[in-house]
Amino acid sequence: MSRDHVQSARRLVPAPAAGVPDLGGEAPWDAEPAYLELLARGASAEAYEQPVLLARAENRPPERIAAVERAKLLALRVRTELEGRRRREAELSALFETAHDLAGLRDVDAVLQAIVQRARSLLGTDVAYLSLNDPDRGDTYMRVTEGSVAARFQQLRLGMGEGLGGLVAQTARPYVTDDYFKDDRFEHTLTIDAGVRDEGLVAIVGVPLMLGPHVIGVLFAADRRARVFEREQIALLGSFAALAASAIDTANLLTETRSAMAGLERANEIIKDHSAAIERASDIHDRLAELVLRGGQVHDVAAAVSQVLGGTVEFTDTADPRSLETSRTEGHAVRHGGDWIAAVAAGGELLGALVLRGRPGLDPVDQRTLERAAMVTSLLLLAGRSAAEAEQRVRGELLDDLLDARDREPRHLRERAARLHADLDATHVVLAARPEGPAADAEEAAAARRRLWSAASRLATARHGLAAARDGGTVLLLPLEPGDTAADVARRTARHLGAAVRRPVTVGASAPVAGLASRPDTVAGAYAEGRRCLDALDLLGRGGDGAAAEDFGFLGLLLAGERDVNGFVTRTIGPVVAYDRRRGTELVRTLDAYFACGTSPARTKDELHVHVNTVAQRLERVARLLGDDWQSPARALEIQLALRLHRLGAPPERR
């Protein structure tokens, strides 16, 4: 080693204290004072290597160098012990301060923020955060973050069992990951991974917040670089988690105490409320009587009751069916969740319901007020029914003219439809509806048909369509909404009409039709198709259901007004045809041969001149494309028909 290197090493070694031999020259040298000096001034671990380097640079005897090495190791052990004690002292101080904060708890958010800040500081991490379980929503949300810079991360809501926190919550044990994105012990989700990636986190440790045996949240510490967390650091984080859980429990107890005090105050208010309820009942009685006398509307009743009861009242015909039927049968308003439902009925006909929202705790007086309002609503509806029936007759006459093609002037048809808020240039579906179930006599059957026509007319008015009584049932012309299919409209209409007339209603639908003003004869053909679907449902024992030709598989080819052969082939074997087209395989040809050979793989391989294993592999691929039930009798029949239709429509060279 050169003299310059020696001088450099000497400069790094502390100057000897008084009475300590100098480190240079030929004088005897004892390394212990030098290491004591390093310990005294808290030097870095790298500085403890310099006396050894200096001894070697000065060519000290091997035994002297070995002695310096031993002194270095001893000094490093002392340094580590001193650092550990200082760290434990800081940790105990932080825990003591947190416990002191908890003892004087006034603001639980401030205590949790202090816990997260101290955990981050003592563990020396980039970020620390605390999440709590939300039992109402069934997920976990960020309560406190410290050191976070990403807004999406701070607003994360995690489903139970997702992410590292989900693993901690499931096992009630601490978990550490040195590299979050490479760790597959827990369930990764796009939402959580995106938040963690925004924050740039790599190493994460999480410990559970426990209240008794239950996990109520997780306390985390995280770094934006790979890092190994020591056992002592995890234990410290667990201590902070225990204090955080205690803070939350204390806050909950304080909340419960305040709630109990509020309950006592509420008891004093109930007496006042009861007196006020009687006054409200008298007030609403006068208002409802006035509404009836001056010919008010349903929304006027709802507004008056809303003002008196202090909630939101609306008239609807889509209330919960079970609650609605209970209210109609018992003659009282019933509670459904946080709402109250009062049936609006006239005789045996259910007209709808008044739904009160915002008043889950309804006293008996206010409940009777809601029931009286439902009765007044039924009177107003009956009074307005005459005018509505006149409009329904007009709608029925227009639909009758379209079905019989009596009026063929497009402009005239459009004008008549516009007065009824209908658009004949839009795409429509023609529906044939019929009530199911035996009738006791002809009078009951006629009453069922009248209720069906009435319900269908109301539905047509609401949907800007048309309805008419025909062939012992009802025919509807309804516009097709974007994203809907004819089958969707049929099923929805069957459910709606069935609920309205309180008996099963079967509905058959035509394929979508358009341009009805310029082609009125199209309506008659579409109605005939809907009737065929209606009869098919009855024959198949599916009364009370709704369907279109597309729901009947190959039978749909016979029921549809226009044969959609390509659509049937695509729905039945489309995935196999597409696979052959993409891959250049022969799955369609294999299926043809398989059915032609009586579903015998052995005969099929002879027909195709391939190995039987090849046939088996191709059939396995077919099963994956069409489903495991592709060889069931019903599906096998449809597949064979589709194969023949496909062969007829394919170019000669591909048959």
Side-chain angles (χ1 to χ4, degrees), residues 1-96 117-128 147 176-180 182 200-205 221-239:
M1 181 178 288
S2 67
R3 176 175 295 275
D4 290 339
H5 290 137
V6 172
Q7 293 301 325
S8 176
R10 284 175 172 167
R11 284 195 297 272
L12 293 172
V13 177
V20 176
D22 185 66
L23 295 177
E26 298 300 326
W29 175 49
D30 192 352
E32 284 78 4
Y35 283 118
L36 289 174
E37 182 71 11
L38 292 172
L39 288 170
R41 64 184 178 88
S44 65
E46 291 78 5
Y48 287 71
E49 196 66 35
Q50 299 306 321
V52 179
L53 295 175
L54 183 58
R56 290 174 177 166
E58 294 179 346
N59 294 320
R60 298 288 183 176
E63 59 273 20
R64 171 44 65 189
I65 293 175
V68 176
E69 287 276 6
R70 289 192 297 274
K72 178 195 74 172
L73 295 176
L74 183 60
L76 286 173
R77 286 174 55 190
V78 173
R79 179 181 180 276
T80 301
E81 182 65 20
L82 289 174
E83 285 185 348
R85 292 186 179 184
R86 282 195 294 269
R87 184 175 63 252
R88 286 192 291 274
E89 181 180 356
E91 293 170 356
L92 290 173
S93 176
L95 291 172
F96 176 80
Q117 288 174 345
R118 289 164 186 163
R120 179 194 175 202
S121 175
L122 289 175
L123 269 68
T125 57
D126 297 322
V127 182
V176 182
T177 178
D178 300 333
D179 193 331
Y180 175 86
K182 294 182 180 179
L201 301 181
V202 177
I204 305 175
V205 57
D223 258 334
R224 297 188 176 94
R225 63 187 186 283
R227 168 178 176 175
V228 177
F229 288 94
E230 299 174 0
R231 183 174 300 177
E232 293 80 6
Q233 294 173 323
I234 299 173
L236 175 62
L237 194 64
S239 298

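One-based numbering along the sequence shown.
Looking at every heavy atom in both residues, A222 comes nearest to I204 through CB-CG1, 3.8 Å. Residues V202 and A226 share a closest heavy-atom pair of CG1-N, 3.8 Å. Residues L201 and R224 share a closest heavy-atom pair of CD2-CG, 4.1 Å. Scanning both residues, R227 and D178, for their nearest heavy atoms gives O-OD1, 3.2 Å. Between R60 and R64, the shortest heavy-atom contact is CB-CG, 3.9 Å. R225 approaches A203 most closely through the heavy-atom pair O-CB, 3.5 Å.
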(request) List the steps, then state whether side chain to side chain contact (heavy atoms under 4.5 Å, CB included) holds for L237 with F229. (result) CA-CA 11 Å; L237 194 64; F229 288 94; over 6 Å; no
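Taking a cutoff of 4.0 Å between a charged side-chain nitrogen and a carboxylate oxygen, R56 and E69 qualify as a salt bridge.
T125 contributes no side-chain N or O that, together with a main-chain N or O of S121, makes up a donor-acceptor pair within less than 3.5 Å.
Distance check, rounded to the nearest 0.5 Å: CG of D126 to CG of D223 gives 4.5 Å.
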